[in-house]
Asks: 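Structure incoming, see below.
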Amino acid sequence: MIPLKWEKRLQEYLQNRELWIKELYKAGSFWEGRRKFLKMAAMAAGVAATNSLLPHSFQLVDIVNAAPQGQQPFTFAYISDSHLYEKTLNERFVRQLERAVADINALDPQPDFVLYGGDLAQLAQPGELKLGAQILKQVRAPIRMMVGEHDWFLDLGDLWKELFGKPYYSFDHKGVHFITLMSVNEKDFWTAKNLSPMQRMQIVSGLDDGRQSSFEVGEEEREWLARDLANVSKTTPIVVFSHSPLYKLYKPWNFWTDDAEQVQALLKPFQTVTVIHGHTHQVLSNRIDNIHFHGMLSTAWPWPYAPQGLPKLTMQMNRPDPFNQTEGLGDGIIDVLGNGRVNKRYDLWNRNPLFVSAQYLDSNGASDNPSKTALPSY
Amino acid sequence: MNRLQWIKLSVITLCALSSIIFYQSVKAQEPVQLPTHAPVSSDGKNMVVQLCDGETNMEVKGVKPGERLSPDQAQIVSNQLMAQWLAKQPKEVTEAWMKENLIVKNDQKANAQTTSSNEQSAQDQPIDFTGRDYQMWKKELEQEVSYGDQIFHSDSLLGSTNGVACAMCHPHAANTHPETYPKFQIQLRRVALLRDMINWCIENPSRGAKLHPDDPKMRALEAYIMAQRKGTVMEPGKH
Ligand SMILES: [Fe+2]
Ligand SMILES: [Fe+2]
């Protein structure tokens, strides 16, 4: 009846908004060309000859810096934090994970491998974990699994380990040493309170539930890490995967690892270290000395930024539009450069991708800044 | 039909529709029944006084129904009624009551002291709120906020059909920014209040049935969300 006029106005509004957002992110679009160029540059010796294609002169410097050790650059992709319920209960989260899988499968060329960043399930139910395993089987590239607290605290990892193997391990790929940690161990808060496994899982699944302990890598795993690193040359680039950020951001939401300093100390002797973490469901960048940190996007829901402690180098993503349920979500790729540093791409659904480069973090934010948000993210 | 007729027809239909919707929602939200006190039967010779719990009562010997109790008599009657009521309560209730009573007594003592030491101002100014007032306000608000907290963190209390609870996207009610309402939301086609966005979230991400604005759950959710933003500057209209 009446809404015709309103419908039209709404359509106009949405169209204008789209155009406007495109306009805002235009500045970011040279990145796509740049990424292709990086790959080209790695293969071709005549770097200077292609310089004229680039819109910014400093990029040439970046390319030269990119391969001092002559390692072969490569790309891997990530999907994280899908928080699946069983399909009959919540189909949307399932569809969203499937969307990410389709995104990654459509990448051409295909990434060398895909990291799954943890929190595959919401309450670690067998139906949830098995559904996740089944969907992830459709990923074309090899997959590397990491565990999140939502996968773990029902049976303390029994089913996850059965489905996906060891919760922490290392491997080498094209000259880079990769380490996957299980960083979401918690000190026993359940035995004394006589909690059932499901109660324990429910408490941990509440981000702001103060009844739980803090995340930690733990002593046993730190000892393993020290032994693992003992055989690695100090110049070998290291990439660490951890579900929680391997630094202390905001304790009330467990954006936090309790023994972060101890783990960082083990990584400190190495020249080039990058940590890729899940759990925070947002664009998040940090640097502590030699270590670069990058968060991953979720496919389920975005978290707000922590009210305190946000790293200075984080360029916040625009606050998600509540009227669009896939806002602030996505997946992404990580380009490992010739020097073992990484460029991080956040492929946000509904928006242009957001890039955080090694150069941006290396220069402590002096150059190559990611595009800023137009609105405050609250 | 011409344009005017169309408009008339639309207005009439709209009125009819909205009254149906209104009637349905009123029907669905019948007011909470407050307890009523059944009259106490007596032989009609003595006055019967009933306590506000609607159960405890006593006969006042020598006072006829309709007569007025003297202040002293009234105090004795109320003391006896309270004693009868307390005797029926579990230990925790009795203890809480005694504690509260002690606070009242202390307040009275403190007030009496202020009056004697500063008689002039005590006469000019109305009686201040007592510790008991503050305690009651705090307790009642905390109860409302904590009920809202429970709903905010529970998909089942919220009536979600897909497992999604409020706190899954809004830990500690972050990014709910109640201080920015009211504001025009074109998607809702009107100036939205916080409750409209709460209902939007219930219906969409959580796939539940929206709450009546006066639903105890809606009131509690608003209470919880606002309590988390205490001290924030009001900015109606901010996007
Ligand atoms: Fe997560
Ligand atoms: Fe997590």
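As a basis for the values below, the full set of heavy atoms in this structure was taken, side chains included, without hydrogen atoms, waters or symmetry mates. Just so we're on the same page: letters track the sequence lines, and every chain starts at 1. Note that the structure is a prediction, hence the values are computed from the model and not measured.
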Asks: Are more than 12 heavy atoms from other residues, nucleotides or ligands located less than 6.0 Å from atom CZ of A:Arg92?
Replies: yes
Asks: Taking every non-hydrogen pair under 4.5 Å, which of A:Phe323, A:Trp301, A:Tyr85 racks up the most with chain B?
Replies: A:Phe323
Asks: Taking all heavy atoms of B:Ala167 and all of A:Trp303, pick out the closest pair and write down the distance.
Replies: O-CZ3, 3.6 Å
Asks: Is the backbone N or O of B:Asn162 less than 3.5 Å from a side-chain atom of A:Asn90, with the two atoms forming a donor-acceptor pair by type?
Replies: yes
Asks: For residues B:Cys169 and A:Pro304, report the shortest heavy-atom separation together with the two atoms involved.
Replies: O-CD, 3.3 Å
Asks: Would you say A:Lys187 has more than 12 foreign heavy atoms packed within less than 6.0 Å of its NZ?
Replies: no
Asks: So which heavy atom on A:Arg319 is nearest to which on B:His239, and how close?
Replies: NH2-C, 2.6 Å
Asks: Any donor-acceptor pair under 3.5 Å linking the side-chain atoms of B:His170 with those of A:Asp208?
Replies: no
Asks: For B:His172, is it the side chain, the backbone, both, or neither that has a heavy atom closer than 4.5 Å to a heavy atom of chain A?
Replies: both
Asks: Would the number of heavy atoms belonging to other residues, nucleotides or ligands and lying under 6.0 Å from NZ of B:Lys139 be above 12?
Replies: no
Asks: Using non-hydrogen atoms and a 4.5 Å limit, figure out which bit of B:Met197 sits close to chain A: side chain, backbone, both or neither.
Replies: side chain
Asks: For atom CZ of A:Arg99, is the number of surrounding heavy atoms from other residues, nucleotides or ligands below 6.0 Å larger than 12?
Replies: yes
